[in-house]
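For the numbers below, each heavy atom of this structure counts, side chains included, while hydrogens, waters and symmetry mates do not. Given the structure is predicted, the values throughout are model-derived calculations rather than measurements.
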Amino acid sequence: MSDVQSLRSSIKTTASYGPFRLLEAVPWLMLASSMRFVAYGGGVLAIPAIIVANLALLLAFIIVVWRMVRFSGGRSGLGELGLRDQLAMARTVLLPVFGMLALAAALASLSGGFVHPHVLMLGFDAIAFDQVTDIGRLWSAIVAAVMLIMVLQVDGEARPSLWRALRELAWRWRRLVPAIAMVTAAHMLLHPVQGVFRRLVYEFMLLDGVSNGLKLFAYFSFVFSFASIRLWLTIAILVLALRRSHQQLPPR
């Protein structure tokens with residue numbers, strides 16, 4: 001049985017979350033945020049924490065894509081896949097995408113034209129978490145568009161393919177390029193806003209008489225709240241653009 005057949009065979013009816021459906025991705029984003037903190041601490045747990053953080057972020061990505069497709073009037077079974085099937089899809093999506101990120105970072109480093117070529121390796125992470133450069137934000141928007149197409153390939157009963165996703169992106173460039181520009185602009189606008197809240201949180205953490213637990217909760221809430229906003233904005237813009245493109249262009 002193929003990977004896709006395995007994914008589709010386990011589809012079952014899901015529970016309705018009613019008004020809380022926008023929060024479905026939050027637990028995965030919380031896990032991704034906590035694992036990023038562990039990774040920043042270094043040591044033997046850094047690499048496993050990064051792997052878990054990326055898996056959690058992709059699962060949040062899948063949930064938000066599913067909801068946005070349905071919000072926009074489309075049909076999707078992504079949210080009905082079990083955790084085992086979602087993890088199987090994560091393997092087939094993340095491995096080629098991280099290969100693309102590594103290649104882009106290597107080429108940027110060899111070209112000598114990038115001050116921070118390593119930020120290209122954060123293209124997936126920056127879909128939800130703040131990026132340090134504008135070129136990194138643009139690259140993150142491109143990566144998000146590619147991953148959206150790959151995830152929807154599974155929803156269309158096909159094995160995820162990076163090459164086919166890149167071809168699809170090129171085929172639908174009239175809609176997706178402006179959407180990528182809008183995502184980049186949204187990330188750029190969110191950056192200074194997040195910076196203001198970051199300073200407020202830091203000032204709160206320096207206050208005397210406040211428990212360390214409350215300080216950590218405030219900082220943690222700040223991180224995954226902006227991660228949720230960034231993820232939803234990114235996917236909303238791209239899904240709507242992709243649907244418009246499908247209405248105008250036949251599938252290839």
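A 4.5 Å side-chain heavy-atom check between Val64 and Arg67 finds every atom pair outside the cut-off. The shortest distance between side-chain heavy atoms of Ser140 and Phe124 does not fall below 4.5 Å. Ile149 has its side chain out of reach of Arg164: every pair of non-hydrogen atoms, C-beta onward, lies at least 4.5 Å apart.
For residues 36-46, every residue pair satisfying the side-chain hydrogen bond (donor to acceptor under 3.5 Å, both in side chains) rule, not counting sequence neighbours, is listed here: Arg36-Tyr40, Arg36-Asp125. Listed by first then second residue, pairs satisfying side-chain hydrogen bond (donor to acceptor under 3.5 Å, both in side chains) with a partner in residues 45-57 number zero, not counting sequence neighbours.
The CG atom of Leu94 sits 10.5 Å away from the CZ atom of Phe61 when rounded to the nearest 0.5 Å. Summarising the geometry, atom CG belonging to Leu152 is positioned 6.5 Å from atom CG belonging to Leu242; distances are rounded to the nearest 0.5 Å. Atom CZ of Arg175 and atom CG of Leu169 lie 15.0 Å apart (nearest 0.5 Å). With values rounded to the nearest 0.5 angstrom, Leu240 atom CG is found 12.5 Å from Ser245 atom OG. A distance of 6.5 Å separates CG in Leu231 from CG in Leu57, rounded to the nearest 0.5 Å. Note that CZ of Arg91 and CG of Leu55 are 11.0 Å apart. Values are rounded to the nearest 0.5 Å.
For the pair Ala32 and Phe129, the tightest heavy-atom approach, listed with the atom from each and the gap, is CB-CZ, 4.2 Å. Heavy-atom minimum distance, Met150 versus Pro96: CE-CG, 3.9 Å. When all heavy atoms are compared, the tightest approach of Ser228 to Leu29 is OG-CD1, 3.2 Å. In plain terms, the two heavy atoms of Pro48 and Val44 that are nearest each other are CD-O, 3.4 Å. Shown here for Leu166 and Met100, the closest heavy-atom pair between the two residues is CD2-SD, 4.5 Å. Between Ala165 and Val146 the shortest heavy-atom distance is CB-O, 3.9 Å.
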Practice task
Check the pair Trp139 / Thr133 against side-chain contact (heavy atoms from CB on, under 4.5 Å), numbers first and verdict last.
Solution key: CA-CA 10 Å; Trp139 175 238; Thr133 66; over 6 Å; no
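Note: Trp232 and Phe71 have parallel aromatic rings, judged against thresholds of 30 and 60 degrees for the angle between ring planes. Below 30°, between 30° and 60°, or above 60°: for Tyr202 and Tyr219 the angle between ring planes is below 30°, a parallel geometry.
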Donor-acceptor list for residues 102-109 side chains, cut-off 3.5 Å, not counting sequence neighbours:
none

For residues 209-217, please give each side-chain donor-acceptor pair under 3.5 Å, one per line with the distance, not counting sequence neighbours.
residue: Ser211; atom: OG; partner: Leu214; partner atom: N; Å: 3.2
residue: Lys215; atom: NZ; partner: Met205; partner atom: O; Å: 2.8
residue: Lys215; atom: NZ; partner: Leu207; partner atom: O; Å: 2.9

Please list, one pair per line, the donor and acceptor atoms closer than 3.5 Å that link side chains of residues 179-194 to other protein atoms, with sequence neighbours excluded.
residue: Thr184; atom: OG1; partner: Ile180; partner atom: O; Å: 2.8
residue: His187; atom: NE2; partner: Thr234; partner atom: OG1; Å: 2.8
residue: His191; atom: ND1; partner: Asp130; partner atom: OD1; Å: 3.3
residue: His191; atom: ND1; partner: Asp130; partner atom: OD2; Å: 2.8
residue: His191; atom: ND1; partner: Arg137; partner atom: NH2; Å: 3.1
residue: Gln194; atom: OE1; partner: Arg230; partner atom: NH1; Å: 3.3
residue: Gln194; atom: OE1; partner: Arg230; partner atom: NH2; Å: 2.8

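Criterion: ILVMFWY side-chain heavy atoms under 4.5 Å apart, direct or through other members. Under it, Met35 and Leu122 are not part of a common hydrophobic cluster. Side-chain heavy atoms closer than 4.5 Å link hydrophobic residues (I, L, V, M, F, W, Y) into clusters, and following such links, possibly through other members, connects Ile229 to Val201. Both Leu101 and Ile135 sit in one connected hydrophobic cluster of ILVMFWY residues. Membership requires side-chain heavy atoms under 4.5 Å apart, directly or through other members. Cluster membership for Leu95 and Met121, using ILVMFWY side-chain heavy atoms within less than 4.5 angstrom, is not shared. Hydrophobic cluster membership is shared by Ile47 and Val38, with clusters built from Ile, Leu, Val, Met, Phe, Trp and Tyr side chains linked at under 4.5 angstrom.
Residues satisfying the ring pair (Phe, Tyr, Trp, His ring centres under 6.0 Å) criterion with Phe226, sequence neighbours excluded, are Phe197, Phe222.
A salt bridge links Arg172 and Glu168; the closest N-O separation between the charged side-chain nitrogens and carboxylate oxygens is under 4.0 Å.
Other residues, nucleotides and ligands place more than 12 heavy atoms under 6.0 Å from the CG atom of Leu110.
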